[in-house]
Amino acid sequence: KEKQDGLESIYNIKIDYMSYGESTKYINVYATSLSDLKPKKFEIAYDDGFLSDFISAIIVGSTGSGKTYFTHQLLGKVVMSKSIRKEDVEVFICDRKNEDYIQFKDCKNYYGVNAIDGIKRVYKIFEERLNDDITCNNKSTIILLIEEYALMLNMLDKKEAEDIKQKVANMLFAGRSKKIITILSM
């Protein structure tokens, strides 16, 4: 809500609602312009081809800068892009604060206070794929989202933090060919 308020302020609009249709390649944003008070419908293309070969991302910004909002949008867009291309996608969300992605808390691949376990689980998949001689073309795309990565590392003892940093770095460097996308928010 806070991020939506920020966008509304920047663009001088009131967002009424957004819809993500499967039969269309657009995200529909219904908003009212505050300058002329007329409702408008904006279409945002989510299958623009830009994300078809999406590799990984590190999102950096200060508190309140819109990192989480951007990450929500990016994650949705990557998943949609892969789904449109009939790729199987499995998303793992590691939200140590157990706050920004709490709406997914009942999903099997949501890791809140146990975010480290989620990273380790995806790393195990990464290692299996790395040690397999067979191509990963027929395997599902794995998306690992780590929210507030720096905060999570600061909460660990030095040895465990180094271990996690190494695992994440390995996935960032070699994950593409193993169909593992890593998105870090810091």
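Here the structure is a predicted model, which is why all the values come from computation and not from measurement. Positions are given from 1 along the sequence.
Residue Lys165 holds its NZ atom at 10.0 Å from CG of Leu156, rounded to the nearest 0.5 Å. Here the OH atom belonging to Tyr111 is positioned 12.0 Å from the CD1 atom belonging to Ile116, to the nearest 0.5 angstrom. Expressed to the nearest 0.5 Å, how far CD of Glu87 lies from OG1 of Thr141 amounts to 4.0 Å. With rounding to the nearest 0.5 Å, the separation of CG in Leu130 from CG in Asn170 is 8.5 Å. Going from atom CZ of Phe173 over to atom OG1 of Thr182 covers 11.0 Å, rounded to the nearest 0.5 Å. Between the CG atom in Asn131 and the CZ atom in Phe126 there is a gap of 9.0 Å [rounded to 0.5 Å].
The two residues Leu74 and Ala57 make their nearest non-hydrogen contact at CD2-CB, 4.2 Å. Nearest heavy atom pair, residue Lys139 against residue Lys179, reads O-NZ, 2.7 Å. Here the closest non-hydrogen pair linking Phe104 and Tyr110 is O-CB, 3.1 Å. His72 and Asp100 get closest at one heavy-atom pair: NE2-O, 3.3 Å. Of all the heavy atoms in Ile146 and Tyr149, the pair that sits closest is CG2-CD1, 3.8 Å. Between Ser177 and Ala174, the shortest heavy-atom distance links the atoms OG-O, 3.6 Å.
Taking the charged nitrogens against the carboxylate oxygens, Lys159 and Glu162 have no contact shorter than 4.0 Å, which rules out a salt bridge. A salt bridge does not link Asp117 to Arg121: none of the charged nitrogens lies less than 4.0 Å from a carboxylate oxygen.
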Exercise for the section: Walk me through it: do Lys105 and Asp95 pass the test side chain to side chain contact (heavy atoms under 4.5 Å, CB included)? Expected result: CA-CA 10 Å; Lys105 72 179 168 69; Asp95 179 11; over 6 Å; no
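Hydrophobic clustering (ILVMFWY, side-chain heavy atoms < 4.5 Å, transitive): Val60 and Leu144 are in one cluster. Tracing side-chain contacts under 4.5 Å through hydrophobic residues (I, L, V, M, F, W, Y), one reaches Ile142 starting from Ile58; they form part of the same cluster. Linking Ile, Leu, Val, Met, Phe, Trp and Tyr whenever their side-chain heavy atoms come within less than 4.5 Å leaves Val113 and Ile119 in two separate clusters.
Side-chain contact between Met155 and Glu148: absent, with no pair of heavy atoms (C-beta onward) separated by less than 4.5 Å. Annotation: side chain of Phe92 is in contact with side chain of Ile125 (closest heavy-atom distance under 4.5 Å). Between Leu145 and Tyr101, the closest side-chain pair of non-hydrogen atoms falls below 4.5 Å. Side-chain contact check for Leu184 versus Leu172: some heavy-atom pair is nearer than 4.5 Å.
Judged purely by atom type and a 3.5 angstrom limit, Lys67 uses its side chain to pair as donor or acceptor with the backbone of Gly61. Arg96 places no side-chain N or O within 3.5 Å of a backbone atom of Met152 that could act as its donor or acceptor partner. Panel note: side chain Asp132, backbone Glu128; no donor-acceptor pair is recorded below 3.5 Å.
The residue from Thr71, Thr68, Asn98 that alone fulfils the side chain to side chain donor-acceptor pair (under 3.5 Å) condition with Glu147 is Thr68. For the side chain to side chain contact (heavy atoms under 4.5 Å, CB included) criterion with Val91, the lone passing option out of Val78, Val79, Ile181, Asn109 is Val79.
For Lys97, the NZ atom counts as densely surrounded, since its 6.0 Å shell holds more than 12 non-hydrogen atoms of other residues, nucleotides or ligands.
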